[in-house]
Structures are given as C-alpha cells and as structure tokens.
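Sequence lines set the chain letters: A, B, ... in the order given, protein chains first and strands last, and positions in each chain run from 1. Values reported hereafter were calculated over all heavy atoms of this structure, with side chains retained and with hydrogens, waters and symmetry mates removed.
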Amino acid sequence: MPRSRIPDDTERLVPKNFITEIIDEDLRSGKYDLIVTRFPPEPNGYPHIGHAIASFIDCGIAKDYRGRCHLRMDDTNPLTEEQRYVDAIVRDMRWLGWDWGEHFYFASDYFERLYAMAVDLIRRGLAYVDSLPEEKIREYRGTPDRPGIPSPYRERSLEENLRLFEEMRACKHPEGAHVLRAKIDMSAPNMKLRDPILYRILHAEHYRTGKRWCIYPMYDFAHPLSDFIEGVTHSLCSSEFIENRAVYDWLVEKLAGRVGLPEWPRPKQIEFGRRSLEYTVVSKRKLIKLVERGLVSGWDDPRMPTLSGLRRRGVRPEALIEFARRVGISRTDRTVDLALLEWAIRDDLNPIAPRVMAVSDPLPLELSNFEGTEWIEAPYFPPDIGKPGSRKVPFTKRLFVERSDFSLKPPKGWKRLEVGKATRLRHAYVVVVERAELDEAGEVKRLVGRVVEGSLGQNPRGLKVQGAVHWVSADHALPAEFRLVDRLFRVPHPDELEDFLEAYNPESLIVQQGYVEPSVKDDPKETRYQFERLGYFWQDPVDSRPDRLVFVRIVTLKDTWARRREEALKKEPAKKEAKEASPKAGERARPLNPEEAEVYERCQRLGLGEQEAYLVAKEPAIRAYLEEMSAHLPPSAAAPWVVHVLGPWLRRGTNKIPPEALAELIRTVEERKLTTRRAKELIEEVQEKGGDLLALTEAEAGSVIVDEAELRALAEAVLAAYPDKVEAYRKGKKGLLGFFIGEAMRKSQGRADPKAIRAVFQALLDQAPSA
RNA sequence: UGGGGCGUCGUCUAAUGGCAGGACAGCGGACUCUGGAUCCGCCGGUCGUGGUUCGAAUCCACGCGCCCCAGCCA
C-alpha cells in the first residue's frame with residue numbers, strides 16, 4: 001500500500017496554502033495515510049482555463065503528496081451531457097499533463113450502488129418520496145429569511161416510500177410526479193439542508209447508460225457518495241459549494257460502514273476561492289453565444305479561453321501550469337490580471353522559440369547600391385538564451401520592412417527608420433533611407449536607400465546607428481497570413497455588464513498579409529517562433545498549409561515602447577475614492593435593554609472598560625461566568641480575560657476552564673510569576689486538549705525571569721546572534737525590537753518578563769554601537 | 001432583509017501574537033544588432049474604528065464592503 005508523505009517545500013508543484021496545511025495535519029495525525037483527490041467535471045462543455053486551475057489544485061496537490069487524483073465525470077444529468085465532451089476533457093487533461101492511471105471514473109457507473117444507498121436511507125427513515133409538484137416544493141422550501149414547512153408526504157410509511165421509489169425506477173411514473181428527498185430539516189437556516197432532493201424522474205436517454213434508468217441522482221447525493229466509493233479523502237471544490245458541505249457530511253455520516261461503504265477513510269470537502277481572468281468570460285452560456293453569433297470561429301478559436309482555443313493559439317501546457325502556480329490558492333474569490341497569463345506564456349516560450357524574421361505589414365525598401373543575393377548566417381537564439389543553431393537568411397536589393405518601422409515625422413526617442421538616418425537591419429547591414437515615395441493619398445509606398453559599406457557584422461565608424469529593425473528579402477520571402485490575436489473583450493470585467501457582448505473587442509483578431517523568411521519551410525510545423533520584434537507565433541494547426549502559410553500570434557512581446565506611447569495619450573486613472581468614516585465601536589450596536597443597561601452601569605462603576613462592560617451586559621454566557629468569578633477576583637481584573645480570551649469558548653459553550661482556575665491564573669500573572677503570553681498559551685492548551693489549569697498554573701508559577709542580570713544575558717545573546725539586524729535597527733528599522741523580543745521569548749520558552757526584557761533591549765540597542 | 005463565506009501593495013499571494021515578504025504590473029537605470037531577454041534599483045498594502053497585549057494583518061467587539069444560497073443544474 002503506497003503512502004503519502006508531506007513534500008519538501010522545494011519540491012512542491014503547488015505552493016503551500018490553506019489546503020496543504022490541512023493535509024499536512026491530516027497526515028501527521030495519521031487521520032489518512034494516502035491522499036486521494038479527484039477532478040470531477042461535468043461533461044457538458046469544453047474545458048477552459050478555469051478547469052486548468054481547478055485540475056491544478058486537485059491533481060497538483062495529489063501529485064505533491066504522492067497520492068492519487070481521479071478523473072471522474074460527474075455525469076448525473078442526461079439532459080446536458082455528451083460523449084464528445086468526455087473526449088474533450090480527457091484529451092485536454094492529458095494535454096495538461098495529468099495522469100490518473102486506471103482511476104478514470106464515471107458517476108454514471110455508480111448508479112446501481114447509489115440506488116442501493118438511497119434504498120438504505122429510505123429503510124432507515126432518512127429519505128422519503130415526495131409527490132408534491134415542483135412549484136409546491138419550491139413554495140414549501142421557504143425563503144432565506146422564512147423557514148420552510150414540511151411536505152404532507154414527509155411522513156409516508158417505509159413500505160410506501162420503498163414501493164414508490166421502486167416504481168420510479170421502473171419508469172412507472174411520469175417526470176415530475178415524485179422525487180426522493182433526504183429527511184433533514186425543513187426549517188434549517190441553511191437552505192441546502194431543507195430536505196434536499198436526492199433523485200428525480202427523467203425519461204431521458206443518458207449518453208452512457210442509455211435508457212436503463214429513468215431516475216437520476218442529484219449532485220448533492222451523487223457527489224459525496226461517489227467520492228466515498230472511490231476512497232477520495234480530500235474533495236476539493238470551489239467556494240459556491242460551501243453550503244452543500246452540510247449535506248455532504250450528513251450523507252457520509254449516515255452511510256459510513258453501510259451498503260458496501262467503509263467506515264474509513266471518509267471523504268471531506270474543502271472549498272477554495274474561485275479564480276476568474278480579466279477580459280474573459282468562461283460560462284458555457286456566454287461562450288456559446290460567441291460561437292453562434294460567429295464572433296469567433298468555433299470552440300477552438302485562438303481567442304477562446306477554452307483549453308482547445310489556448311492550444312490552437314499555441315500556448316503550451318507548461319505555461320498554463322506555471323500560470324496556475326503563480327495565481328495561487330486561497331479561500332477568497334479573485335480575478336487575476338491578464339498580464340500574469342501573458343507573462344507565463346512568454347516566459348515559457350522565450351527559451352524555446354527560435355528567432356526568425358517576418359514582416360506582417362510590408363513596406364518595400366530598395367537598396368540602390370546592392371546587387372545579387374548574399375546569404376547571411378543568423379543565429380536562432382540571442383546570446384542570453386545560450387542555445388546553438390542558425391540558419392541562412394538571404395539579403396537582396398529588394399526588401400520588405402515593417403510599415404510601422406518607418407516614420408516621416410518620428411517622435412522623440414524614435415529608434416527606427418527615418419529619412420537620412422542610419423538604422424541597422426537585423427543580422428545584416430546598416431542602411432540609410434534616402435527618400436520615401438508617396439502615393440496619391442500621401443501614404444508611404446516605397447522606401448529607397450543604400451547600404452553602408454562594411455557594416456555587416458560590425459558598426460561603421462563615425463556613424464550613429466539607431467536601433468535594429470527586422471526585414472525579409474522580397475525575392476525569397478514566403479507569403480504568409482498573420483493572425484494577430486488579442487483579448488476578446490475591451491473591458492476587464494465583461495461579466496459585470498448587462499450584455500457582455502457590448503464589450504466584444506472587434507479588434508480581437510486582425511488579419512494581415514505579409515512575408516516570412518524562407519527558412520521556416522524546413523521546420524516542423526509545430527515550431528513556435530519568435531518573429532523578432534513582433535511576438536511569438538506558430539502555424540495555425542487547422543488552416544496553415546505548406547502552400548498557404550498561416551501564423552497565429554500566441555502572445556505579443558512585452559512592448560515598453562508601444563505602452564509608453566499609449567500612456568502618453570491616456571489621462572490619469574481615477575483614484576480610489578476616500579474611505580467612509582466608520583462609526584465608533586458599539587455606536588450602532590444593538591441598544592441595550594433596561595436590564596442590560598443596568599448591568600452595564602454597574603460594570604462601569606466597578607471599573608470595567610467600556611467595551612468589556614458592554615459585552616458583559618449583552619452576552620449572558622460572559623456575564624454568568626464573570627459573576628461566578630467575582631467570588632475569587634474583582635471583576636475589573638477578570639473582565640478583560642473573560643471577554644477577550646475566554647470569550648470564543650464561552651459563546652460556543654465549550655469552555656473547559658473553571659472560574660477559580662482562571663482567577664488563580666490571573667493572580668499569578670499579576671504577581672509577575674507568569675507571563676501573559678504563557679498564560680494565554682495555557683488557556684488555549686486546556687481548551688483544546690483538556691487538562692487541569694490550576695495544576696498547570698501552579699507548576700509554572702514563578703518561572704518568569706525577572707532577574708536583571710539574567711535578562712541582560714539573554715538579550716545580549718540574542719543581539720550577538722543577529723549583528724545584521726542590530727545594525728538595521730540602529731539605522732532606523734525599529735520594528736525589529738519585536739523580533740528581538742520574540743527571539744528572547746523563544747529562547748526562554750516564553751518565560752522572560754516582557755516589559756522588563758523590552759526595557760533591557762531598548763537600553764542595549766540605544767547605547768553607542770561599539771561601546 | 002435569514003444563513004453562510006471572504007476582505008493584505010494596482011493584481012495574485014506569504015507572514016499561524018514578534019522584521020508586513022515574494023511574484024506580476026508600473027517607474028528608473030545598466031546591458032543589448034529584438035524598444036525582447038537578463039541584471040540592479042524604486043514605487044506601493046494589512047477595509048474602518050475601538051479594545052486586549054510589552055508587542056496585533058493575526059485575538060475580541062462594533063461597523064463597512066464584496067461573494068454565495070430560495071434548480072427536480074453541477
């Protein structure tokens with residue numbers, strides 16, 4: 001039996017996060033010894049970038065822990081699911097690099113077992129057949145602020161429930177006639193617990209089980225039990241399922257050790273925050289609109305956020321994995337900056353993409369003093385990449401350069417072609433443009449210039465060369481189509497618009513006819529290039545043919561020049577609006593009733609702080625405890641401890657500390673025989689693990705270090721260990737005082753008297769450095 | 001409005017009562033036959049107000065804001 005283990009931080013694919021913390025603890029405590037997760041898509045659409053992130057969390061974590069990650073189709077809704085989506089998911093998940101071994105499952109394969117579990121619940125009075133029509137069920141469920149009411153069918157006999165459920169299975173009832181529901185709590189504040197529907201009747205053909213079934217399990221039933229069946233330990237899902245966890249746990253608990261399910265391991269659900277991407281939508285409904293309206297060419301249009309679209313665009317799975325890594329995992333829903341994805345794509349391509357030259361918007365340049373063809377050896381990679389390889393590029397009289405690389409009226413800082421200036425043609429000669437020929441419309445039609453002798457491979461003396469531009473030989477270059485792909489939407493959050501299509505970016509695809517250097521015809525079709533100064537491109541896998549080259553732009557180069565030009569035109573962005581002032585503590589809090597007000601008054605007379613007095617008055621558990629304590633200690637001394645330290649446990653009703661023990665602890669602290677820090681640690685320890693606080697207090701009383709000499713020695717030892725920090729402190733980083741005290745506390749196991757040690761540190765640090 | 005979840009640089013994420021750190025973006029510089037890459041530097045944050053504490057992003061209280069839940073979808 002393989003065992004999971006906590007990975008070393010350096011070998012983690014998935015950076016540490018709140019989920020791995022839970023797993024670490026589960027492994028350390030021996031709760032589970034093999035980590036099993038699952039990626040459970042519903043095969044009702046094409047996987048997209050969101051699936052990449054979710055699968056990264058599920059499968060990446062399992063991989064790190066040497067666990068398993070199952071691929072399971074959550075195919076319990078025959079109305080929406082299709083085999084082609086299963087195929088797409090399998091293909092795309094493999095592409096991402098996930099390996100599930102034999103652990104490829106279908107919820108639909110569990111239908112028979114799930115049915116048996118449902119029957120078990122019915123037999124035990126935990127589920128019933130409800131025959132209310134759909135609208136009534138909705139009505140009876142209540143609303144978030146009104147409790148539901150039980151269905152009249154809720155108390156049907158076991159026999160009748162069993163008979164009806166069997167008949168449902170046997171297709172003897174029309175759709176909508178009955179449903180199977182769990183009997184939980186119709187008045188639960190959590191809507192999911194109001195007798196969730198477990199099964200519905202559907203006379204529909206399922207893409208895998210055909211007509212075998214006319215009842216289908218719902219997500220809330222099938223999902224936890226599928227996890228359980230497969231031995232999943234950590235069922236990771238996104239945050240919108242938080243409230244479903246109550247149903248999840250209910251079912252797992254009720255069915256553990258029954259109908260073929262083990263007692264252990266039991267699965268548990270953990271929710272993470274959703275991630276969305278700027279300038280992108282991923283909902284199936286919206287993507288379908290783009291396809292149907294012809295705004296994109298299909299599900300694999302290179303602009304689409306689908307994995308098939310990203311793949312066709314030329315993005316490699318490595319880039320997506322790195323992107324997911326950088327995005328990270330937390331409990332909060334977040335929208336990620338598109339720039340991060342683009343960075344990940346470039347960072348992936350930079351070291352592997354050979355540099356070649358292409359001109360996407362050609363402008364002829366004729367060199368009056370050059371004849372014939374010179375084949376110039378040009379390396380595929382710049383020196384910083386450190387990769388070998390080169391090709392020969394033909395240099396001729398007639399060239400094409402990029403139209404945007406020439407300017408009649410160059411702006412400040414221009415480093416490209418202009419009349420009368422010398423500019424480097426990349427890998428080739430320096431040229432000087434002598435004149436620009438215009439057409440009737442005043443557009444530049446043709447450039448005429450000359451090469452500078454002796455400028456191949458070296459800079460001509462006495463001539464200032466500005467920049468280097470790319471080019472191709474007009475006599476040798478291959479015609480090609482360039483598809484310049486950009487973000488599909490013009491705004492970062494198209495989802496927030498009433499009609500997201502309003503934000504459709506008509507310039508998301510710009511098609512240009514240009515030329516590429518001839519060397520590419522010998523390369524493998526799937527080669528990803530960097531067309532120098534244009535961006536990363538590859539041949540469109542669908543439309544490109546040897547006799548009709550079509551290149552898709554995977555991503556632009558980071559273009560600081562273009563950005564600067566753009567910024568110059570843009571005005572200041574609106575600054576953050578000022579934050580609204582908050583009311584003072586308690587100002588808008590629930591007003592106190594007369595009795596509470598009386599307690600409040602009394603507390604204040606006894607010397608309690610305002611906030612403590614308020615809480616004592618308002619919270620019966622705290623008040624009762626404090627009253628009990630008053631026999632042992634004056635309330636003014638006890639209140640801060642009771643309110644701030646014991647508060648959480650008192651409210652939950654799980655307090656394990658008797659008042660006299662707390663009183664003794666506080667007295668010990670007041671006598672400076674115990675530090676506050678240590679006292680709080682003791683309280684926490686007893687609350688979590690149990691124990692006798694009184695005994696612990698007595699055992700530790702007097703352990704505080706108050707002796708001046710001893711404290712000084714301790715402080716000196718700490719400072720000696722961190723000379724650089726001492727230096728930094730003296731240079732003004734005063735926050736380090738906390739660090740030093742922390743170190744002293746660690747060294748003394750929390751026994752150093754904090755006020756005293758602080759004073760000692762301060763004295764030591766503020767004296768002259770070399771004294 | 002009942003219940004639940006969540007608030008840390010512009011964005012994403014660390015810090016588990018003791019140094020608010022990193023990445024992306026931005027800005028500046030070095031280098032450059034790609035206005036790329038690389039290197040160096042800078043900018044910039046704990047939602048607010050109080051309380052507890054020697055010390056609070058972290059604990060407590062009161063506010064504020066965002067998200068989720070009333071499918072026989074998942």
Side-chain angles (χ1 to χ4, degrees), chain A residues 15-17 21 42 44 74 76-77 79-80 134 137-138 141-146 148 175-176 179 188-192 194 197 199-202 218-219 223 239-243 271 273 275 278 326-337 339-340 343 346 350 355 382 384-385 413 415-416 424-427 459 465 467-470 530 532-533 557-562 564 573 579-589 609-612 614-615 640-641 643-645 647-648 676-677 680 725 728 733 735-743 745-746 753-759:
Chain A
K16 284 208 278 187
N17 60 76
E21 245 168 61
E42 183 190 13
N44 71 344
D74 238 357
T76 54
N77 182 358
L79 270 18
T80 56
E134 202 172 334
I137 287 186
R138 202 178 354 261
R141 186 155 34 223
T143 60
D145 48 349
R146 262 188 306 117
E175 288 186 7
V179 289
N190 177 352
M191 298 290 293
K192 297 284 181 212
R194 322 249 257 230
I197 292 172
Y199 269 91
R200 57 173 169 163
I201 298 172
L202 238 35
M218 305 290 290
Y219 168 86
H223 197 91
S239 54
E240 72 265 32
F241 294 103
I242 285 182
E243 303 189 84
E271 310 85 8
R275 257 75 183 135
E278 283 180 349
R326 299 287 176 141
V327 165
I329 303 169
S330 70
R331 290 191 148 99
T332 323
D333 294 352
R334 298 290 198 181
T335 302
V336 178
D337 194 333
L340 186 65
W343 170 83
R346 288 187 197 110
N350 177 41
R355 273 62 167 171
D384 55 280
I385 304 293
K415 297 207 312 201
R416 309 175 183 184
R424 167 71 64 184
L425 292 182
R426 173 109 241 233
H427 297 305
N459 277 332
V465 178
V469 298
H470 58 279
Q530 186 193 107
E532 292 207 52
R533 307 209 308 129
L557 256 26
K558 184 172 160 183
D559 190 349
T560 41
W561 170 251
R564 211 192 317 166
K579 273 159 188 162
E580 179 189 333
S582 282
K584 291 252 185 281
E587 200 167 84
R588 265 194 245 165
E610 199 179 325
Q611 219 166 94
E612 285 81 13
Y614 175 80
L615 288 165
W641 289 83
V643 170
H644 296 290
V645 185
T676 324
R677 174 195 169 103
K680 285 182 183 172
K725 303 263 189 200
K733 194 166 176 178
L736 283 167
L737 182 59
F739 168 77
F740 294 131
I741 296 172
E743 285 304 299
M745 287 297 180
R746 225 181 313 285
D753 181 86
K755 273 186 200 158
I757 193 89
R758 168 174 286 254

J.: Have a look at B:G71 and give me syn or anti from its glycosidic angle (syn if within 90° of zero).
T.: syn
J.: Quickly work out the A:Arg194 CZ to B:G71 P distance and round it to whole Å.
T.: 11 Å
J.: Provide the distance between the two C1' atoms, one in B:G7 and one in B:G48, to the nearest whole Å.
T.: 12 Å
J.: Of the nucleotides B:G3, B:G10, B:C33, which has the atom closest to the A:Glu243 side chain?
T.: B:G3
J.: B:A70, B:G35, B:C54: which one has an atom nearest the side-chain heavy atoms of A:Lys755?
T.: B:C54
J.: Between B:G35, B:C60, B:U13, which nucleotide has the shortest distance from any of its atoms to the side chain of A:Arg334?
T.: B:U13
J.: Rounded to whole angstroms, how far apart are CH2 on A:Trp343 and C1' on B:A23?
T.: 7 Å
J.: For B:A74, take OP1 and OP2 only and decide whether either is under 4.0 Å from a side-chain N or O of A:Thr76.
T.: yes
J.: Ignoring backbone atoms, test whether A:Arg331 places a side-chain nitrogen or oxygen under 4.0 Å from the OP1 or OP2 oxygen of B:C6.
T.: yes
J.: Compare the minimum distances between each of B:U52, B:C33, B:G21 and the side chain of A:Arg424, then state the nucleotide with the smallest one.
T.: B:C33
J.: What's the closest nucleotide to the A:Leu615 side chain, out of B:C60, B:C33, B:U52?
T.: B:C60
J.: Taking the minimum atom-to-atom distance to the side chain of A:Arg138, which one of B:G55, B:G17, B:G71 wins?
T.: B:G71
J.: Can you figure out which of B:U52, B:U34, B:G35 approaches the side chain of A:Leu557 most closely?
T.: B:U34
